[in-house]
There are 2 protein chains.
Amino acid sequence: MHKVLITGANGFIGRHVLPRLLARGYEVHAVSRRLPTMKLPGVLWHECDLLRAGSGRALLGQLRPDSLLHLAWYAVPGSFWEARENVEWLRASLEMLAAFTDSGGRRMVAVGTCAEYDCSGGQCIEEITSLSPTTLYATSKHALERALHYWSRSTNLSSAWGRVFYLYGPHEHPSRLVASVVRSLLRGEPALCSAGTQVRDFLHVEDAAAAFVALLESEVEGAVNIASGIPITVRTLLEQIAEQIGRPELLRLGARDASREAPRIWASIQRLKDEVGWGERYDLSAGIAQTIAWWRRSLEVPRPPALCDMQP
Amino acid sequence: MHKVLITGANGFIGRHVLPRLLARGYEVHAVSRRLPTMKLPGVLWHECDLLRAGSGRALLGQLRPDSLLHLAWYAVPGSFWEARENVEWLRASLEMLAAFTDSGGRRMVAVGTCAEYDCSGGQCIEEITSLSPTTLYATSKHALERALHYWSRSTNLSSAWGRVFYLYGPHEHPSRLVASVVRSLLRGEPALCSAGTQVRDFLHVEDAAAAFVALLESEVEGAVNIASGIPITVRTLLEQIAEQIGRPELLRLGARDASREAPRIWASIQRLKDEVGWGERYDLSAGIAQTIAWWRRSLEVPRPPALCDMQP
């Protein structure tokens with residue numbers, strides 16, 4: 001049985017990855033700074049602050065996994081772009097990279113961001129679109145991608161880099177776009193939004209999790225976009241949500257300014273489809289319906305939704 | 001009195017920086033994995049392996065320097081381009097960056113490389129020439145530059161990045177170009193060289209050291225080329241050496257292949273001259289004369305030359 005270690009296992013993507021890895025028959029080791037209150041049976045949890053120097057190396061030396069899915073990072077909405085934790089996560093990730101190789105690890109997949117791209121052209125193609133990270137977050141992520149790439153080239157490590165675009169779905173942080181609009185409308189409160197002219201690429205988090213598992217199991221090297229490949233305006237997405245909830249009058253398009261956001265960014269998913277062999281399960285309509293249903297159940301229960309601060 | 005910490009203090013650039021910092025009145029703390037056998041009076045040495053996780057943080061927390069000149073890196077000739085130590089030095093450098101800020105540090109200067117540039121255009125200008133690192137060494141250096149740049153932007157840290165081109169002078173590693181040719185000719189042995197058509201930018205290491213001290217004392221932010229700004233062919237350099245030693249017949253131009261080397265790379269030193277206010281002391285002829293004289297003395301003494309493995 002292959003042994004896989006997943007970091008950020010309690011985060012937005014991580015928690016959706018766990019059941020898939022179990023179903024595929026792995027011995028699943030999950031690491032998180034804080035253990036979840038609800039533990040999926042079969043997952044072996046390790047409570048560990050990977051930002052503490054030497055802790056990642058110690059954990060890897062003890063577990064000696066075959067595969068490493070490194071999802072952990074700092075991702076508090078709003079502050080993550082320029083937070084110093086980016087550099088600390090880069091440092092900790094490099095420690096894991098070296099320690100994983102030293103402990104006999106074979107395959108490593110880590111998570112990147114569409115913010116690595118120079119998105120002035122709209123569609124982002126892995127080997128073609130130029131890279132131009134302009135924040136500490138994107139720069140640190142991109143530095144890790146480069147280190148992973150060149151490190152693999154000079155060792156036996158096989159590695160890939162899943163560049164995530166815009167995700168939504170269950171367990172999303174409540175202050176992020178889809179979660180906040182769904183929650184507002186379900187509560188009967190107005191949702192103050194921008195005009196929504198930005199073109200984006202939205203993917204359901206369960207599809208993203210499935211893509212990461214497929215990428216981990218493949219032999220594909222280098223950067224692979226994790227996205228739907230379908231450009232839609234934010235307005236289209238928001239109107240879908242409002243329509244499905246049945247409260248279009250609560251959607252306040254144009255109430256917020258989005259002039260500083262990139263006008264158009266979406267992914268080519270040729271590599272993901274052709275080389276990784278992944279296909280999405282949710283189209284936008286079904287993905288939104290499932291997400292609304294999840295939030296409806298979650299809001300009915302009188303407790304605050306779980307904070308998922310490990311992944312954007 | 002300002003307190004400065006210098007890493008890689010026992011390396012090629014570092015040992016030339018120390019007397020300059022002392023002369024400028026600093027309290028000079030020098031860190032090295034191995035302490036030098038000959039210690040410059042007045043320098044406070046700290047024996048420390050900065051690659052050991054947590055060691056850089058501990059040292060900075062103890063010393064709390066105002067300024068940090070971070071020269072340490074892996075630089076064993078030949079193997080440094082793809083060595084895993086690049087990623088380990090990147091990790092350790094990020095640890096120092098965060099710890100230096102935490103300990104109240106104000107000004108940090110670190111050393112980069114001309115290999116960060118896309119050198120297809122010949123002359124490299126800091127804010128204009130595109131960056132295209134293609135080795136683990138250059139990538140790791142460039143990642144540190146980016147981290148330093150964005151980190152400074154979101155903290156009070158003032159920082160600069162000295163991009164070094166081709167250095168020569170006393171204490172150079174014996175297997176590097178100028179040192180190996182000088183040593184061969186002084187011993188009366190043939191020096192097997194390429195045709196020497198490559199255009200390069202050579203600077204005497206004492207001038208580079210003076211430039212780093214000037215950069216540390218300035219408020220200049222970002223990347224600054226540390227170079228002569230004068231493009232010359234490798235052949236011109238080698239013929240100068242052979243002529244000064246008086247053994248032109250031992251120079252075997254064309255005996256080695258250099259077809260995989262970049263044909264032309266030299267620096268613009270506008271920023272270094274105008275913003276840092278630095279001027280070089282040695283022209284090529286004087287620099288070579290001084291270097292030959294040093295090697296002559298060094299070879300007369302029956303001991304192997306000191307290994308300077310901390311700097312390229």
Side-chain angles (χ1 to χ4, degrees), chain A residues 50-61 74 79-102 108 115-116 118 130-157 159, chain B residues 50-61 74 79-102 108 115-116 118 130-157 159:
Chain A
L50 293 171
L51 292 186
R52 214 181 56 243
S55 64
R57 174 166 287 279
L59 185 69
L60 284 160
Y74 180 80
S79 69
F80 74 95
W81 291 110
E82 299 295 343
R84 60 172 281 155
E85 282 82 355
N86 287 297
V87 167
E88 290 170 3
W89 272 111
L90 173 56
R91 178 188 53 67
S93 302
L94 296 172
E95 178 183 316
M96 305 258 319
L97 169 58
F100 179 59
T101 317
D102 290 345
M108 175 167 172
E116 292 171 72
D118 171 1
S130 64
L131 298 158
S132 171
T134 56
T135 57
L136 187 54
Y137 170 68
T139 300
S140 305
K141 281 286 190 181
H142 185 53
L144 179 58
E145 187 274 329
R146 294 285 76 194
L148 189 60
H149 171 79
Y150 284 107
W151 182 277
S152 294
R153 209 175 63 172
S154 51
T155 65
N156 283 326
L157 183 71
S159 73
Chain B
L50 293 171
L51 291 186
R52 215 180 57 242
S55 64
R57 175 166 286 278
L59 185 68
L60 283 161
Y74 180 80
S79 68
F80 74 95
W81 291 109
E82 298 297 342
R84 61 172 281 155
E85 281 83 354
N86 286 298
V87 167
E88 290 171 1
W89 271 111
L90 173 56
R91 179 188 52 66
S93 302
L94 297 172
E95 178 184 315
M96 304 258 319
L97 169 58
F100 179 59
T101 317
D102 291 345
M108 176 167 171
E116 290 170 72
D118 171 0
S130 64
L131 297 158
S132 172
T134 56
T135 58
L136 188 54
Y137 170 68
T139 300
S140 306
K141 281 287 191 179
H142 185 54
L144 179 57
E145 187 274 330
R146 294 285 77 194
L148 189 60
H149 171 79
Y150 285 107
W151 182 275
S152 294
R153 209 175 62 171
S154 50
T155 65
N156 282 326
L157 183 71
S159 74

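All of these numbers come straight from a predicted model, not from anything done at the bench. Residue numbers begin at 1 in each chain, while the letters A, B, ... track the order of the sequences.
When all heavy atoms of Ala147(B) and Val87(A) are compared, the pair lying nearest together is CB-CG2, 4.1 Å. The minimum heavy-atom distance between Thr135(A) and Arg153(B), with the atom names listed, is CA-NH2, 4.1 Å. Closest of all the heavy-atom pairs between Thr139(A) and Tyr150(B) is OG1-CE1, 3.0 Å. Scanning both residues, Ala53(B) and Gly54(A), for their nearest heavy atoms gives CB-N, 4.0 Å. Nearest approach of Ser154(A) to Glu82(B), heavy atoms of both residues: OG-O, 3.5 Å.
To the nearest 0.5 Å, the span separating OG on Ser93(B) from CZ on Arg91(A) amounts to 12.0 Å.
Residue with the most contacts toward chain B among Leu97(A), Asp102(A), Thr155(A): Asp102(A) (heavy-atom pairs, distance under 4.5 Å). The choice from Leu136(A), Leu144(A), Thr101(A) that makes the most heavy-atom pairs within less than 4.5 Å of chain B is Leu136(A). Counting heavy-atom pairs under 4.5 Å between each of Arg57(B), His149(B), Arg146(B) and chain A puts Arg146(B) at the top.
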